[in-house]
Amino acid sequence: MTTLLPAGPERLGLELSADATVSDDGWLERALYAAPGLDGPPGILQGGLAAGVCIAIARQADRFDAPLTGFDARLHAPTPLGRELRARVRGTDVPARYEVETRHGDTLLVSAEVELAGHDPAPRAFDLLDLAMAPLPVAVPQYAFPTCVICGPHPTHPLGQRLHPRPATDRSVIMPWVADEELGVDGGVDDLLISALLDCPTVWASMDHVRSLGHTGALLSGYHLRVFRAAPVMEALRIVGLMDEADGRKIQARAAVVDEQGVTYAVSSAFQISVAEVPVLDPS
């Protein structure tokens, strides 16, 4: 039986095979498995997790174990849950930077470039920081993605976070969050969870625009994440999202993790695509 290694917190259910092969063109390849319950849309791996798993894949080829600097990812197709997938990684001409892909059969799911060169300097995301310091709005549970492992009111996964959107304006949201210890590594929130957390707010900050099109949701298409320091577990944090601009179905939005003292831990930039109907895949 193939030995599986956790990609992120062990109870999450994202796993990579310990055994790997090397392709003729230099890709290190492993099996990848995403357990049912890790929904964004039903039966589909949540977008921030689908992109963020590339961090763990890159680490399988990295020898230095430096903190995550960040990544840039494109999501080409939905990542199905409960299926055997394929993870691929190879180095680039730049030290500590890796090309990563995930595939289901011949279908390219996610392509990314991951940098493991240590944390970036402090960000200049003043508008996101100001948003995080604003009074906390009332929670408004959403039902477009009811089983989403991060923001759904009815997640099926035991680590479902139930981060209900709290609209601050018609293009921004603020959500309080405290990370359980099991979501951390050495006292800091696992980078994979940070990636997941900073996807959903970019959708909910954009929902007024999405609904103005007569649509019901948005799907992550492109994702940029930068990490500045490890966010602490068991401390009060705020997750904020802000829509920057929209052109029809194409939406640009940003999100950040900030604490009550104004420290910014990570920032994301998301390219979301508005959709008339949220897709559903049967994990069986």
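As a basis for the values below, the full set of heavy atoms in this structure was taken, side chains included, without hydrogen atoms, waters or symmetry mates. This is a predicted model, so every value here is computed, not measured.
By the rule that hydrophobic residues join a cluster once side-chain heavy atoms approach within less than 4.5 Å of another member, Val240 and Met243 end up as members of separate clusters. Both Leu219 and Ile251 are assigned to one and the same hydrophobic cluster, defined by single-linkage of ILVMFWY side chains at heavy-atom distances under 4.5 Å. Under a hydrophobic-cluster definition in which Ile, Leu, Val, Met, Phe, Trp and Tyr are linked whenever side-chain heavy atoms come within less than 4.5 Å, directly or via other members, Met234 and Leu159 are assigned to the same cluster. Linking Ile, Leu, Val, Met, Phe, Trp and Tyr residues whenever their side-chain heavy atoms come within less than 4.5 Å places Leu163 and Leu220 in a single cluster. Following chains of ILVMFWY side-chain contacts shorter than 4.5 Å, one can reach Val278 starting from Met207, so the two form part of one hydrophobic cluster.
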Could you pull out every donor-acceptor pair under 3.5 Å between side chains of residues 132-145 and any protein atom, sequence neighbours left out?
residue	atom	partner	partner atom	Å
Gln142	OE1	Ala144	N	3.0
Gln142	OE1	Phe145	N	2.9
Gln142	NE2	Phe145	O	3.0
Gln142	NE2	Cys151	O	3.2

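Between Ser111 and the options Arg74, Glu99, His76, a side-chain hydrogen bond (donor to acceptor under 3.5 Å, both in side chains) holds for only His76. No option in Val189, Val185, Val178, Asp180 other than Val189 meets the side chain to side chain contact (heavy atoms under 4.5 Å, CB included) test with Val233. Considering Thr156, Leu81, Ile44 in turn, Leu81 is the only one that fulfils the side chain to side chain contact (heavy atoms under 4.5 Å, CB included) rule with Leu38.
Residues Phe64 and Leu116 have side chains not in contact (no heavy-atom distance under 4.5 Å, counting atoms from C-beta outward). At least one side-chain heavy atom of Leu5 sits under 4.5 Å from a side-chain heavy atom of Gln60. Contact check for Val149 versus Leu49: side-chain heavy atoms found under the 4.5 Å cut-off. Taking the side chain as every heavy atom from C-beta outward, Thr169 and Asp208 never approach each other to under 4.5 Å. Counting only heavy atoms from C-beta outward, the side chains of Arg166 and His164 never approach each other to under 4.5 Å. Here the side chains of Asp190 and Leu183 are not in contact, with every heavy-atom distance at 4.5 Å or above. The shortest side-chain heavy-atom distance between Gln272 and Asp199 falls under the 4.5 Å cut-off. A heavy-atom distance below 4.5 Å is found between the side chains of Pro9 and Leu193.
Environment of CZ in Arg229: sparse, with no more than 12 heavy atoms of neighbouring residues, nucleotides or ligands closer than 6.0 Å. Summarising the local packing, CD of Glu10 is surrounded by 12 or fewer heavy atoms from other residues, nucleotides or ligands at distances under 6.0 Å.
The minimum heavy-atom distance between Trp204 and Pro165, with the atom names listed, is CG-CG, 3.5 Å. Here the closest heavy-atom approach between residue Ala266 and residue Ile194 is recorded as CB-CG2, 3.6 Å. Considering every non-hydrogen atom in both Ile174 and Arg238, the closest pair reads CG2-CD, 4.0 Å. Counting all heavy atoms, side chain and backbone alike, His119 lies closest to Pro67 at NE2-CB, 3.5 Å. Nearest heavy atom pair, residue Ala231 against residue Tyr265, reads CA-CD2, 3.5 Å. A pairwise comparison of heavy atoms in Ala117 and Ala96 identifies CB-CB, 4.0 Å as the closest pair.
Here the CD1-CG distance, from Ile239 to Leu128, works out to 11.5 Å after rounding to the nearest 0.5 Å. To the nearest 0.5 Å, the span separating SG on Cys54 from CG on Leu68 amounts to 11.0 Å. Annotation: the span from Leu242 atom CG to Arg254 atom CZ amounts to 5.5 Å, rounded to 0.5 Å. The line from CZ of Arg11 to CD of Glu182 is 4.5 Å long, rounded to the nearest 0.5 Å. Atom-to-atom distance recorded for Thr79:OG1 and Leu45:CG is 5.5 Å, nearest 0.5 angstrom. Atoms CZ and CD1, on Arg162 and Ile150 in that order, are 12.0 Å from each other to the nearest 0.5 Å.
Taking a cutoff of 4.0 Å between a charged side-chain nitrogen and a carboxylate oxygen, Glu15 and Arg30 do not qualify as a salt bridge.
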Please evaluate residues Trp177 and Leu197 with respect to the criterion side chain to side chain contact (heavy atoms under 4.5 Å, CB included), reporting the C-alpha separation (whole Å), side-chain torsions for both, the decisive distance (0.1 Å), and the verdict.
CA-CA 10 Å; Trp177 185 60; Leu197 284 163; 3.1 Å; yes

Could you go through Val100 and Val89, starting from their C-alpha distance and side-chain angles, then the distance that decides it, and tell me whether this counts as side chain to side chain contact (heavy atoms under 4.5 Å, CB included)?
CA-CA 4 Å; Val100 178; Val89 58; 4.0 Å; yes

Determine, step by step, whether Arg103 and Glu101 satisfy the side chain to side chain contact (heavy atoms under 4.5 Å, CB included) criterion, reporting the C-alpha distance in whole Å, the side-chain angles of both residues, the deciding distance to 0.1 Å, and the verdict.
CA-CA 7 Å; Arg103 291 179 174 267; Glu101 292 181 351; 3.0 Å; yes

I would like to know whether Thr216 and Val210 meet side chain to side chain contact (heavy atoms under 4.5 Å, CB included); could you show each step before the answer?
CA-CA 7 Å; Thr216 60; Val210 168; over 6 Å; no

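Between the side chain of Gln46 and the main chain of Gly48, a donor-acceptor pair closer than 3.5 Å is present. When atom types are taken as modelled, the side chain of Arg171 and the backbone of Asp244 share no donor-acceptor pair closer than 3.5 angstrom. Looking at Ser268, its side chain does come within 3.5 Å of a backbone N or O of Leu198 through a donor-acceptor pair. Between the His157 side chain and the Leu12 main chain, a donor and an acceptor come within less than 3.5 Å of each other. In this structure, Thr102 contributes its side chain and Val110 its backbone to a donor-acceptor pair below 3.5 Å. A distance-only check finds a donor-acceptor pair linking the side chain of Arg90 to the backbone of Asp25 [under 3.5 Å].
A donor-acceptor contact closer than 3.5 angstrom is absent between the side chains of His209 and Ser274. Neither side chain, Gln252 nor Asp247, offers a donor N or O lying under 3.5 Å from an acceptor on the other. Between the side chains of Ser17 and Asp19, no donor-acceptor pair of N or O atoms lies under 3.5 Å. For the residue pair Asp62 and Tyr98, a side-chain donor N or O sits within less than 3.5 Å of a side-chain acceptor on the partner.
Residues meeting the side chain to side chain contact (heavy atoms under 4.5 Å, CB included) test with Ala7, sequence neighbours left out: Leu14, Leu16, Val53, Ala56.
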